[in-house]
Amino acid sequence: MPFERCAANPGWCRSSLRYGRSPSRGRVEPARRSSLMSNVTSEHADAVVVGSRIAGAAAAIAMARTGRHVIALDRVRFPSDTLSTHLMFPAHVAELVRLGALERVLAHRPPRVRHVMLSHQGVSASDRFLPVEGIDFGVCVPRPELDHALVETARAFGAEVREHSSVTDLLWDGDRVAGVRYRDKDSDEVREIRAPVTIGADGRRSVVAQLVGADRPYRGSRNGRGFVFWYMDDPKSDDRKWRETYVQWRAGGTHGMVFPTPSNRMLVSFMGPADRVALFRRDTQGMWERQLRENRRFAARVAGATNITRMRGTDDMVSFFRRSSGPGWALAGDAGHFKDPVLGQGIRDSLRHGRLVGEAVVRAGDDGPLAIDEALRAWEKERDDDCLPAYHWGNRETRIVGDDPLVIEALRTLAVDDLSEIGNAFSRRRNPEHVFGFRRSAGWLLRALSRPDADRGALLRRALGELLIDVDIRYERLLGHFRDSRPARSERPGWSWPIRKSQVALNGQGGAGSTGPAFVGGTMTDGVGNGTQDGSR
Ligand SMILES: Cc1cc2nc3c(=O)[nH]c(=O)nc-3n(C[C@H](O)[C@H](O)[C@H](O)COP(=O)(O)OP(=O)(O)OC[C@H]3O[C@@H](n4cnc5c(N)ncnc54)[C@H](O)[C@@H]3O)c2cc1C
């Protein structure tokens, strides 16, 4: 029986139990400790998961479906929205299949998106997705439905998902995390769950990360872009081509994007210089009109759209890696690693590495705490290896580069290349270092230089900058010293920690029949998506 040692003889997970932060972060005072230990309901599980959305549900599914007793806690009640778009490529969908959640997600009847198109200065390249484990389409299902489908799948596999349950402390056995203490927000009762492994899947502001002393990332990069988005009725709802295509139009330094969603709606977003988010907040209608003027092709796609929801966004998204495993604990999903959403990869990575951490625990489960810790370390290394290329790619994409002759040349070439592999890069079938790497970049540079109106000096400087980044990334990978090496040139300095809480979200509102997202002022939401429940579609 799994975890027999803990269940039958819980000595190692109960002895010298105490509360609060890890020894390195200070201990709870003895007097407080004894008062805390009385009057709390206590129970055992094989694993406890903090946070039940993407990574948390995936981890819970992986463990529960092998018969483990898993308790997953979340402080919100599902369905619940969070500050995130939800672009999913075939690699994301393949993870839903592995988790047994696809049917529930497809019940929301999202369009099956089979193409991705990138466009800059009137030059466009599109690519059809190739299958990832047999899946050749992406879907864009809003977070309340997507996350709820995952929660329901976890329950169907036997995980106990407790909503309105907010984790406040960890239980410790010496230097080992031995479970959690949480408050049931409905009854206001404080409870404990003891378990040989605790998985923090509680998002970027992870409480578990703080309590184990891993809050400050060891690598990070400042995002130069801000993100604003909202939903509209799709005026091209009858046009199969548009309903099956994710599109990104670049104009100046801003990406305008449209992703088809269920019920003939679409998600519309802009990623431009971070300081524009404040402008959107001050003058939403004016900024919307400005985007339409600056990005004509985007304007043509959305022309006539109505029924616009309020606008939301954030201007401060630090990409990072945190130490993500230790004795009896792991940090899955955004809690351990976050990368710029410009590429739409976070959900795939949270699903995949949430599942993998659960599977690692299952494999090690019968062999005691040291085996669990070793499995968690190996899992973390695998996550880093898998996520690092997309992290660097995201960091590069977040730099604000105005109209870019190199990108234009790249798109011209990729538009006629049967093996453009744009879709493969987004689907993680191919490492972006290969898709956008040395050989191809050299060709794009030569073509750009050969144009009569080329600014050759600027082009060469730009290409040299890119080359140095490529060299840095490859060198770091070959050395295998990700953690202790100096920051790579793809990483933007100046990131601060913790993430600023103000200026991260805005709250506009359109409404049925409206043709522009009028800003109405109002409350600021939690810009990191923890605990927001705002039904904003
Ligand atoms: C603006 C933006 C746009 C994005 N767009 C995309 C996209 O298009 N495609 C894509 O793939 N990725 C996207 N991402 C990334 C994606 O949102 C994340 O990678 C993903 O949500 C991570 O899932 P998670 O389960 O790790 O964390 P979260 O989704 O943050 O969930 C954490 C959960 O933990 C719970 N929790 C927190 N603290 C506690 C506590 N103390 N006790 C109990 N529960 C707790 C919260 O209530 C929450 O439900 C975007 C991110 C942002 C910021």
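Computation of the quantities below employed the complete heavy-atom set of this structure, encompassing side-chain atoms and omitting hydrogens, waters and symmetry-equivalent molecules. As the structure lists them, so they are numbered: ligands from 1, and atoms in each ligand from 1.
- Some N or O of Asp74 is nearer than 3.5 Å to an N or O of ligand 1, by distance alone.
- In terms of N/O distances under 3.5 Å, ligand 1 is approached by Leu87.
- Here's the thing with Ala55: one of its N/O atoms is less than 3.5 angstrom from an N/O atom of ligand 1.
- At least one heavy atom of Ser165 lies less than 4.0 angstrom from ligand 1.
- Every atom of ligand 1 with a heavy atom of Gly333 under 4.0 Å away is listed here by number and element: 26 (O).
- Note on Arg377 versus Glu380: no salt bridge recorded, every NZ/NE/NH1/NH2 to OD/OE distance being 4.0 Å or above.
- Ion pairing between Asp340 and Arg492 fails under the 4.0 Å rule for side-chain N and carboxylate O.
- Between the side chains of Arg77 and His164, at least one donor-acceptor pair of N or O atoms lies under 3.5 Å.
- Close approach to Ala201 involves these atoms of ligand 1, each under 4.0 Å from a residue heavy atom: 32 (C), 33 (C), 34 (O).
- Heavy atoms of Leu83 found under 4.0 angstrom from ligand 1 belong exclusively to the backbone.
- The shortest N/O to N/O separation between Ser84 and ligand 1 falls below 3.5 Å.
- Residue Gln345 has at least one heavy-atom neighbour below 4.0 Å for each of these atoms of ligand 1: 10 (C), 11 (O).
- Arg219 forms no cation-pi arrangement with Phe321, by the criterion of a distance under 6.0 Å to the ring centre and an angle within 45° of the ring axis.
- Some N or O of Val167 is nearer than 3.5 Å to an N or O of ligand 1, by distance alone.
- Some N or O of His86 is nearer than 3.5 Å to an N or O of ligand 1, by distance alone.
- Arg53 and Ser80 are linked by a side-chain donor-acceptor pair at a separation below 3.5 angstrom, with hydrogens and angles left out of the test.
- Looking at Gly344 next to ligand 1, an N or O pair under 3.5 Å apart turns up.
- For Asp202, heavy-atom contacts with ligand 1 shorter than 4.0 Å involve the backbone as well as the side chain.
- Proximity to His92 (heavy-atom distance under 4.0 Å) selects the following atoms of ligand 1: 11 (O).
- Residues Glu491 and Tyr391 have side chains that bring a donor and an acceptor to within less than 3.5 angstrom of each other.
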Exercise. Can you check salt bridge (Lys or Arg N to Asp or Glu O under 4.0 Å) on Glu397 and Lys339, steps first, answer last?
Worked result: CA-CA 11 Å; Glu397 283 294 315; Lys339 73 189 128 305; over 6 Å; no
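- Defined by atom type and a distance below 3.5 Å, a donor-acceptor pair is present between the side-chain atoms of His353 and Asp386.
- Ionic pairing of Glu152 and Arg104 is not present here: no N-O contact between side-chain nitrogen and carboxylate oxygen is shorter than 4.0 angstrom.
- Within a 6.0 Å sphere centred on CD of Glu189, heavy atoms belonging to other residues, nucleotides or ligands number more than 12.
- In terms of polar-atom proximity, defined here as any N/O pair under 3.5 Å, Arg204 makes no such contact with ligand 1.
- Proximity to Val76 (heavy-atom distance under 4.0 Å) selects the following atoms of ligand 1: 47 (O).
- In this structure, a donor-acceptor pair under 3.5 Å is absent between the side chains of Ser119 and Arg297.
- Each of the atoms 9 (N), 10 (C), 11 (O), 12 (N), 16 (C), 19 (O) of ligand 1 lies under 4.0 Å from some heavy atom of Ile347.
- Residue contacts with ligand 1 include Arg143, since one of its heavy atoms falls under 4.0 Å from the ligand.
- Note: an N/O pair closer than 3.5 Å links Ile54 and ligand 1 by distance alone.
- In summary, the atoms of ligand 1 found under 4.0 Å from a heavy atom of Ser166, numbered by their order in the structure, are 42 (N).
- Taking every heavy atom of both residues into account, Pro262 and Pro110 meet most closely at CG-CA, 3.8 Å.
- The closest approach between a heavy atom of Thr82 and any atom of ligand 1 is not below 4.0 Å.
- Cation-pi geometry between Arg265 and Tyr231 is not satisfied (NZ or CZ under 6.0 Å from the ring centre, within 45° of the ring normal).
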